[in-house]
There are 2 protein chains.
Amino acid sequence: MASLDRSLIAGLSVFEGIAAADLDRIVSQARSVRIAKDQPVFEQEQEAHSFFVLLDGHVRVVKSTPDGHEVTVRYISPGELMGIASALGRTTYPANAVAAADCVVLAWPSQLWPTFAASFPSFSANTYKVVGTRLQDAHTRVIEMSTEQVEQRVAHALLKLIKQSGKKTSEGILIDFPISRQDVAEITGTTLHTVSRLLSAWEDQGLVKSGRQRVVVVEPHKLLVIAEARAAKS
Amino acid sequence: MASLDRSLIAGLSVFEGIAAADLDRIVSQARSVRIAKDQPVFEQEQEAHSFFVLLDGHVRVVKSTPDGHEVTVRYISPGELMGIASALGRTTYPANAVAAADCVVLAWPSQLWPTFAASFPSFSANTYKVVGTRLQDAHTRVIEMSTEQVEQRVAHALLKLIKQSGKKTSEGILIDFPISRQDVAEITGTTLHTVSRLLSAWEDQGLVKSGRQRVVVVEPHKLLVIAEARAAKS
DNA sequence: TCTCTTGTTTGCGCTAAGGCAAATGCCTCT
DNA sequence: AGAGGCATTTGCCTTAGCGCAAACAAGAGA
């Protein structure tokens with residue numbers, strides 16, 4: 001591992017509260033892997049041989065149903081953990097992870113987890129905190145799916161995406177990786193057609209600008225109004 | 001704690017792999033609490049002062065949305081953990097837990113968690129395994145909400161309920177606590193009207209028998225066929 | 001530059017399922 | 001036993017949003 005990586009890594013929230021020396025020991029046992037866009041990071045049902053931290057790029061975590069549907073569970077941004085099945089006593093990955101853009105990840109063999117957890121309590125605590133957040137997020141998703149209409153869900157999804165992976169540009173806030181209508185549909189549980197219609201409508205109102213695999217949110221506030229709308233619609 | 005409880009408790013999967021002596025130390029620090037039907041076990045946003053094991057009864061975990069919707073996150077059956085926010089680094093409960101029937105729970109103060117986790121690795125491992133399962137379940141819920149129609153979701157919900165809390169009777173498998181159409185609706189993200197219509201239809205076909213706050217599944221296999229149906233419907 | 005592939009837009013019809021409303025039935029409490 | 005409150009059933013209407021299908025860009029590769 002290049003020392004360049006170390007300084008970059010020290011700032012990540014996953015490693016908060018870990019002494020520099022410990023961090024070195026942790027990082028020195030990782031291997032750094034480059035993954036090209038659309039290549040898998042890990043796959044559903046596969047043996048969970050490693051856990052990862054994403055250093056650069058974006059990863060989409062997807063579950064496939066027997067009947068061919070694909071549901072996006074979450075997007076992973078730089079700095080986030082993924083594939084931590086081993087911390088939860090699982091031996092296989094529960095979903096597919098695919099690079100949504102070219103990625104660089106740090107990978108540790110899963111069998112190191114017990115040692116890490118015992119030796120570096122902060123690391124373990126940070127990890128479980130992440131798990132807690134994800135459980136929370138998943139429940140929020142369920143609630144959104146249960147109580148909101150498609151328009152609100154798509155608005156929420158875009159807001160979540162710009163919060164997580166937004167990049168300010170002169171036009172507005174860009175979702176910083178290629179994302180298609182189909183992708184948004186798989187996040188929100190709808191169809192690419194409906195997403196397309198919504199984006200077109202919002203584009204007309206000046207809320208967003210979008211193109212091929214590209215979405216820029218121009219008016220986040222107005223989008224938020226739609227997302228939080230109770231009953232009436234404009 | 002009566003020693004009666006100890007023998008009962010030793011069999012629970014949460015305590016698997018824990019030496020009898022350790023189990024005694026764990027259980028001796030719990031207090032046993034009786035909670036009447038419809039009374040809260042813990043509440044959303046409240047400080048997570050304790051974590052629990054349900055010994056008897058059934059608990060419904062519900063999240064309320066700002067706009068008055070209620071979504072049932074899960075049902076807890078005897079032997080299961082609940083309120084384990086502290087193990088995930090949270091300081092407040094993420095949802096409401098209400099007794100769906102009269103309950104008996106064991107409660108430990110949250111501040112014991114770090115000690116327990118350090119002293120009894122099996123306990124910690126078991127707990128995180130439960131968390132893993134719940135995360136999994138939550139994702140399954142999201143997928144069901146995204147890809148299945150209401151009929152399939154309700155069928156799945158009933159199957160899950162009889163698996164978790166089913167009791168064989170002469171008529172079929174009874175869901176062993178009072179459950180209304182509204183409750184089923186809150187699990188599946190639909191309305192009590194739709195649930196009522198479905199149950200009536202299934203009753204006509206002899207798949208279930210149901211009454212006021214009561215559901216008996218007569219033909220689990222046929223229900224499974226509905227739950228797993230791809231496109232066509234009978 | 002031209003072509004091909006892949007993503008996007010949009011129109012149209014259809015239906016699952018929600019909303020509303022009213023009737024009925026079953027417990028529970030007095 | 002009677003009364004009141006819930007839970008349930010059902011009919012009817014409305015509609016959000018899906019499916020299908022066809023036309024349209026806009027990159028990518030030759």
When rounded to whole Å, the CG to P distance for the pair A:Leu192 and C:dG11 reads 16 Å
Under a 3.5 Å threshold, yes or no: a donor from one side chain and an acceptor from the other, between A:Glu47 and A:Thr92? no
Nearest whole Å is fine: how far is D:dT8 C1' from B:Leu198 CG? 14 Å
A:Leu199 CG to D:dA25 C1', in whole Å, measures 16 Å
Nearest-Å distance for atom pair CG/P, residues A:Asp204 and C:dT9: 11 Å
Rounding to 0.5 Å, atoms CG (A:Leu81) and CG (A:Leu106) come to a distance of 10.5 Å
Relative to the ring of A:His49, is the ring of A:Tyr93 parallel (under 30°), tilted (30 to 60°) or perpendicular (over 60°)? perpendicular
If the helix axis at each end comes from five base pairs, how far does the helix from C:dT1-D:dA30 to C:dT30-D:dA1 deviate from straight, to 10°? 50°
Looking at A:His69, A:Arg60, A:Arg181, which one forms a side-chain contact (heavy atoms from CB on, under 4.5 Å) with A:Glu186? A:Arg60
Could you please name the option among C:dA16, D:dT9, C:dT8 that lies closest to any side-chain atom of A:Arg181? C:dT8
For A:Ile226 and D:dA16, what is the distance between atoms CD1 and P respectively, to the nearest whole Å? 15 Å
Which nucleotide wins on minimum distance to the side chain of A:Thr194, given the candidates C:dT8, D:dT9, D:dC18? D:dC18
Hey, does B:Gln46 have a side-chain heavy atom less than 4.5 Å from the side chain of B:Pro40? no
Calculate the interatomic distance between B:Asp183 atom CG and D:dA7 atom P; express it in whole Å. 9 Å
Check: B:Val62 main-chain N/O paired with B:Glu70 side-chain donor or acceptor under 3.5 Å: no
Would you indicate what B:Ser200 reaches in the nucleic acid, counting non-hydrogen atoms under 4.0 angstrom: base, sugar-phosphate, or nothing? sugar-phosphate
If you draw a 6.0 Å radius around NZ in A:Lys37, do more than 12 non-hydrogen atoms from other residues or ligands fall strictly inside? yes
Figure out the CD/P separation between B:Gln152 and C:dA16, and round it to whole Å. 12 Å
All salt bridge (charged side-chain N to carboxylate O under 4.0 Å, His left out) counterparts of B:Asp137, not counting sequence neighbours: B:Arg74
Could you verify whether a donor N or O on one side chain and an acceptor N or O on the other, from A:Glu228 and A:His156, lie under 3.5 Å apart? yes
Students often get this wrong, so: under 4.0 angstrom with heavy atoms, is B:Ser196 touching a base, only sugar-phosphate, or nothing? base
Note: for A:Glu148 and B:Val195 on DNA chain D, the residue whose nearest nucleotide lies more 5' is B:Val195
Summarise protein proximity over nucleotides 19-30 of chain C in one line of letters, 5' to 3': B for base, S for sugar-phosphate only, - for none, counting protein heavy atoms closer than 4.0 Å. BBB---BBS---
Atom pair distance, as rounded to whole Å: CD in A:Glu203 and P in C:dT8: 12 Å
